[in-house]
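Residue numbers start from 1 in every chain, and the chains themselves are labelled A, B, ... in the order their sequence lines are given, proteins ahead of strands.
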Protein chains: 2
Amino acid sequence: MSGNDELGDGFRREGKATINDVARVSGVSKKTVSRVINRSPLLSAETRERVEAVIRDLGYVPNPQARALAMGRNFLLGLLHDNPNAQMVLNFQEGVLEAIRDTEFALVVRPVNRHSVGMLDDVRHFLERQRLFGVLILPPISENDALAALCRELGCRYVRMGSAALDDEAHLVESNDREAVGQAVDHLVSQGHRNIALIAGPEGFRSAQERRNGFLEAMARHGLSVGPGRVAPGNYTFDSGRAAAERLLEASERPTAIFASNDEMAAGALHAARQREIEVPAALSLIGFDDTAIAAHIWPPLTTVRWPIISMARAAAYKLIHPAEAKQQPSRFLSDLVRRASVAPAVKQ
Amino acid sequence: MSGNDELGDGFRREGKATINDVARVSGVSKKTVSRVINRSPLLSAETRERVEAVIRDLGYVPNPQARALAMGRNFLLGLLHDNPNAQMVLNFQEGVLEAIRDTEFALVVRPVNRHSVGMLDDVRHFLERQRLFGVLILPPISENDALAALCRELGCRYVRMGSAALDDEAHLVESNDREAVGQAVDHLVSQGHRNIALIAGPEGFRSAQERRNGFLEAMARHGLSVGPGRVAPGNYTFDSGRAAAERLLEASERPTAIFASNDEMAAGALHAARQREIEVPAALSLIGFDDTAIAAHIWPPLTTVRWPIISMARAAAYKLIHPAEAKQQPSRFLSDLVRRASVAPAVKQ
DNA sequence: GCCATGCATGACACCGGTTTCCGAATCAAG
DNA sequence: CTTGATTCGGAAACCGGTGTCATGCATGGC
């Protein structure tokens with residue numbers, strides 16, 4: 001390779017070729033090299049090839065810091081997330097990475113704590129300091145309007161992921177949780193279930209509201225009533241799901257199916273059923289939401305709703321990178337039901 | 001705030017105060033402002049205060065790109081990981097973030113695919129392009145020596161996470177998997193188990209080797225033999241765990257306990273046992289490894305080995321940021337056994 | 001009273017790109 | 001052969017910081 005002097009600790013000194021080296025060696029000006037890099041059309045093919053050869057020879061790679069400084073913007077996308085669901089966050093990262101692969105963008109992650117009082121200040125510091133190109137905001141903190149306002153104030157582009165209309169199309173990628181829950185209920189009803197209970201998510205979450213409303217609407221659509229004993233609150237954790245299921249299963253007329261607002265709570269519900277020696281799915285059908293890793297790995301494998309998070313991530317990243325075309329990109333994504341083994345036809349009690 | 005003109009799209013133009021503005025307003029030179037920012041000791045208290053007041057007034061925040069360019073290094077840490085275990089990756093991110101909170105560092109993530117032929121080139125492109133301050137490498141790709149060599153070649157600092165001595169102390173943070181598996185075996189033996197089987201991890205993984213060796217050593221220590229029918233290969237996936245368990249459970253003299261080299265395979269084994277109507281833990285005890293989310297959420301909750309990943313991440317980030325003191329930082333971390341409900345005393349068959 | 005000393009500060013080049021503006025070369029038309 | 005348009009390439013300023021070195025000033029020792 002090109003002359004690298006070694007440091008004591010075995011690392012090469014910053015002896016990388018610069019645009020000046022390329023210009024000197026190929027006998028053109030910096031600007032011409034810059035044009036080659038940026039694929040400017042007004043260049044003779046001959047010059048371009050000559051410079052490109054030198055670039056290869058020298059192993060030249062443009063310095064992103066210098067570019068960022070000169071162009072007044074960098075190529076860093078931020079990911080702001082709280083962390084209820086590791087698999088989801090990681091899948092999202094995956095999707096974003098797919099979108100920015102082969103570009104000069106990189107992804108900077110920043111977990112935040114939605115319960116900390118200093119959360120907004122934290123994010124403010126982060127954004128001011130790093131001057132990111134833009135940020136992607138994951139639920140549940142994507143539902144925080146103050147956060148979006150902060151981004152606006154700081155001049156930071158953003159896209160929110162959500163389960164309802166939180167913002168205009170340019171700043172939002174959403175899944176239709178409500179409709180998806182409808183499918184889940186339809187499926188249960190088609191299997192003959194009439195006494196269906198809901199384990200709801202935490203009040204503050206938009207996704208929880210949507211899933212609850214989707215459930216209630218679908219039940220109403222089928223002409224099924226949902227008594228007060230048929231809805232139990234949860235907070236998206238395993239334990240809350242177990243506790244909620246215990247309450248539901250105590251009811252005089254036991255439900256034959258439970259829809260849990262996420263997989264973790266469904267797993268908790270399964271746990272509760274097993275302790276009461278209620279067979280799943282023979283005596284109790286169960287549907288979850290999110291299709292996290294856990295859904296496929298419990299017994300019986302959980303029927304659940306999968307939302308296309310990787311596609312959504314890709315779309316979100318794309319919106320962020322190409323703000324001009326953001327509104328053309330799809331904003332709404334459809335989830336679908338993954339049928340596994342936790343649902344069976346209802347039996348008469 | 002300081003005069004911001006708005007763009008059509010509602011975002012503030014890059015009208016942030018620069019070091020020049022601060023210098024002009026406070027009547028000192030750029031350099032002096034720079035000294036204030038960098039807490040240089042040779043400054044009169046009076047000047048410092050005056051400049052600091054102006055900085056506050058103007059809401060000035062130094063531009064990291066400019067700093068990076070001038071200083072020849074940026075403040076970005078990279079995280080290279082393959083993705084068998086979302087919870088682990090995310091916990092690791094958390095630990096790193098803890099370490100760099102309140103510093104100017106940020107974390108850039110980069111999932112890579114260890115099975116892709118172009119993996120090394122991929123990483124090379126990434127490192128050359130982004131010029132990170134350094135990278136953290138997670139297992140299993142941390143075991144790839146070519147990757148470490150690449151970092152050296154490119155002059156990129158690195159720290160590898162691993163389960164064995166992969167590198168020198170300055171570039172490694174390791175967990176003692178071998179010893180931890182020993183504890184797991186001890187526990188099983190103390191419960192009266194003698195016929196203990198192993199579901200091994202994939203050949204290529206150092207962690208798998210360590211866990212296998214730890215198992216064999218511990219069994220030998222207890223004077224217990226491990227016949228060929230007592231070790232089944234797996235590849236860290238749920239399905240491979242199930243298949244391995246099926247083979248083990250077919251043996252003429254069935255094992256009374258199985259140690260699986262990770263939780264996912266343990267979950268698979270549980271699945272297999274259930275299909276054969278073998279009660280866990282009554283008729284079969286099970287221990288996993290990693291203490292991922294799944295361990296606590298299956299039934300029965302899985303006894304498993306937890307390694308202190310957040311502490312390890314913190315140490316790794318610290319080593320990366322302070323290379324001079326890297327060797328003083330701890331490199332070896334102890335894992336411990338989390339006792340849940342998947343182990344019971346052995347019964348005579 | 002003078003010069004060496006030390007401390008606080010400033011002038012200026014520099015990091016490695018991009019952008020603006022302008023000049024040179026080429027070529028067709030007059 | 002000259003003119004004008006067009007294409008291509010270069011010089012220099014600029015982005016916003018940091019490093020080097022020089023300078024002014026107060027201090028102190030002789």
Side-chain angles (χ1 to χ4, degrees), chain A residues 2 13-52 54-55 58-76 104 128-133 155, chain B residues 2 13-52 54-55 58-76 104 128-133 155:
Chain A
S2 47
R13 201 183 288 282
E14 318 293 343
K16 303 207 64 154
T18 73
I19 197 172
N20 294 304
D21 301 327
V22 176
R24 188 163 26 74
V25 173
S26 52
V28 299
S29 73
K30 290 168 71 166
K31 178 60 202 174
T32 303
V33 179
S34 170
R35 286 201 181 98
V36 172
I37 299 169
N38 294 299
R39 303 206 158 61
S40 155
L42 20 74
L43 261 177
S44 71
E46 187 220 351
T47 317
R48 177 191 314 277
E49 279 162 23
R50 187 154 42 97
V51 173
E52 277 173 349
V54 174
I55 288 179
L58 263 44
Y60 166 69
V61 180
N63 180 323
Q65 275 76 39
R67 263 165 84 75
L69 176 57
M71 315 204 333
R73 70 204 180 90
N74 62 22
F75 294 94
L76 298 176
E104 53 210 323
E128 282 182 340
R129 221 201 287 257
Q130 303 296 342
R131 312 235 180 149
L132 304 176
F133 181 91
Chain B
S2 48
R13 199 183 291 282
E14 317 294 343
K16 303 208 65 155
T18 73
I19 198 172
N20 293 303
D21 301 327
V22 177
R24 189 163 24 75
V25 172
S26 51
V28 299
S29 72
K30 288 167 71 166
K31 183 64 205 178
T32 301
V33 178
S34 169
R35 289 200 178 96
V36 172
I37 298 168
N38 294 298
R39 302 203 159 64
S40 157
L42 19 75
L43 261 177
S44 74
E46 186 220 351
T47 318
R48 177 191 314 276
E49 277 163 25
R50 186 154 44 94
V51 173
E52 276 173 350
V54 174
I55 288 179
L58 263 43
Y60 166 70
V61 179
N63 180 324
Q65 275 76 40
R67 262 165 83 77
L69 177 57
M71 315 204 339
R73 68 201 182 95
N74 61 23
F75 295 94
L76 297 176
E104 53 209 325
E128 282 181 341
R129 222 204 280 264
Q130 303 297 342
R131 313 237 177 144
L132 304 176
F133 181 90

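- In this structure a side-chain-to-backbone donor-acceptor pair under 3.5 Å is present from A/Asn74 to A/Phe133.
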Original post:
In the 5'-to-3' direction, what one-character label does each nucleotide of nucleotides 8-15 of chain C receive under the scheme B = base within less than 4.0 Å of a protein heavy atom, S = sugar-phosphate only, - = no such atom?
Top reply: SBBB---B
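- For the atom pair CG of B/Leu76 and CD of B/Gln130, the computed distance is 7.5 Å after rounding to the nearest 0.5 Å.
- Between the CD1 atom of A/Ile55 and the P atom of C/dG16 there is a distance of 16 Å, rounded to whole Å.
- Taking every heavy atom of both residues into account, B/Ala23 and B/Ser29 meet most closely at CB-C, 3.8 Å.
- Summarising the geometry, the separation between CZ on A/Arg129 and P on D/dG16 is reported as 19 Å, rounded to the nearest angstrom.
- With B/Asn63 contributing its side chain and B/Gln65 its backbone, the two residues share a donor-acceptor pair below 3.5 Å.
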Quick one: which protein N/O atoms are closer than 3.5 Å to N/O atoms of nucleotides 23-28 of chain C? Pair and distance per line, please.
none

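- Considering only residues two or more places apart in sequence or on other chains, B/Thr47 meets the side-chain hydrogen bond (donor to acceptor under 3.5 Å, both in side chains) condition with B/Ser44.
- Without hydrogens or angle criteria, A/Ser26 side chain to A/Val22 main chain gives a donor-acceptor distance under 3.5 Å.
- For the helix from C/dG1-D/dC30 to C/dG30-D/dC1, the terminal axes (five pairs an end, C1' atoms, rotation from four pairs onto the next four) enclose an angle of 60°, given to 10 degrees.
- Among residues two or more places apart in sequence or in another chain, the side-chain hydrogen bond (donor to acceptor under 3.5 Å, both in side chains) test is passed with B/Glu104 by B/Arg67.
- Look at CG on B/Asn74: it is 14 Å from P on C/dG17, rounded to the nearest Å.
- Straight-line distance from the CG atom of B/Leu58 to the P atom of D/dG16: 13 Å, rounded to whole Å.
- Looking only at side-chain heavy atoms (C-beta outward), A/Pro64 and B/Arg129 stay at 4.5 Å or farther from each other.
- Counting to the nearest Å, the C1' atom of D/dG17 and the CG atom of B/Asp21 are 13 Å from each other.
- Atom CZ of B/Arg67 and atom C1' of D/dC15 are 16 Å apart (whole Å).
- Scored by the salt bridge (charged side-chain N to carboxylate O under 4.0 Å, His left out) test, B/Arg48 finds no partners at all (sequence neighbours excluded).
- Contact check, A/Ser34 against C/dG17: no side-chain N or O comes under 4.0 Å of OP1 or OP2.
- When rounded to the nearest whole Å, the span between CG of A/Asn38 and P of C/dG16 equals 17 Å.
- Between B/Thr32 atom OG1 and B/Ile37 atom CD1 the span is 11.0 Å, to the nearest 0.5 Å.
- In this structure, the side chain of A/Asp21 engages the main chain of A/Thr18 through a donor-acceptor pair within 3.5 Å.
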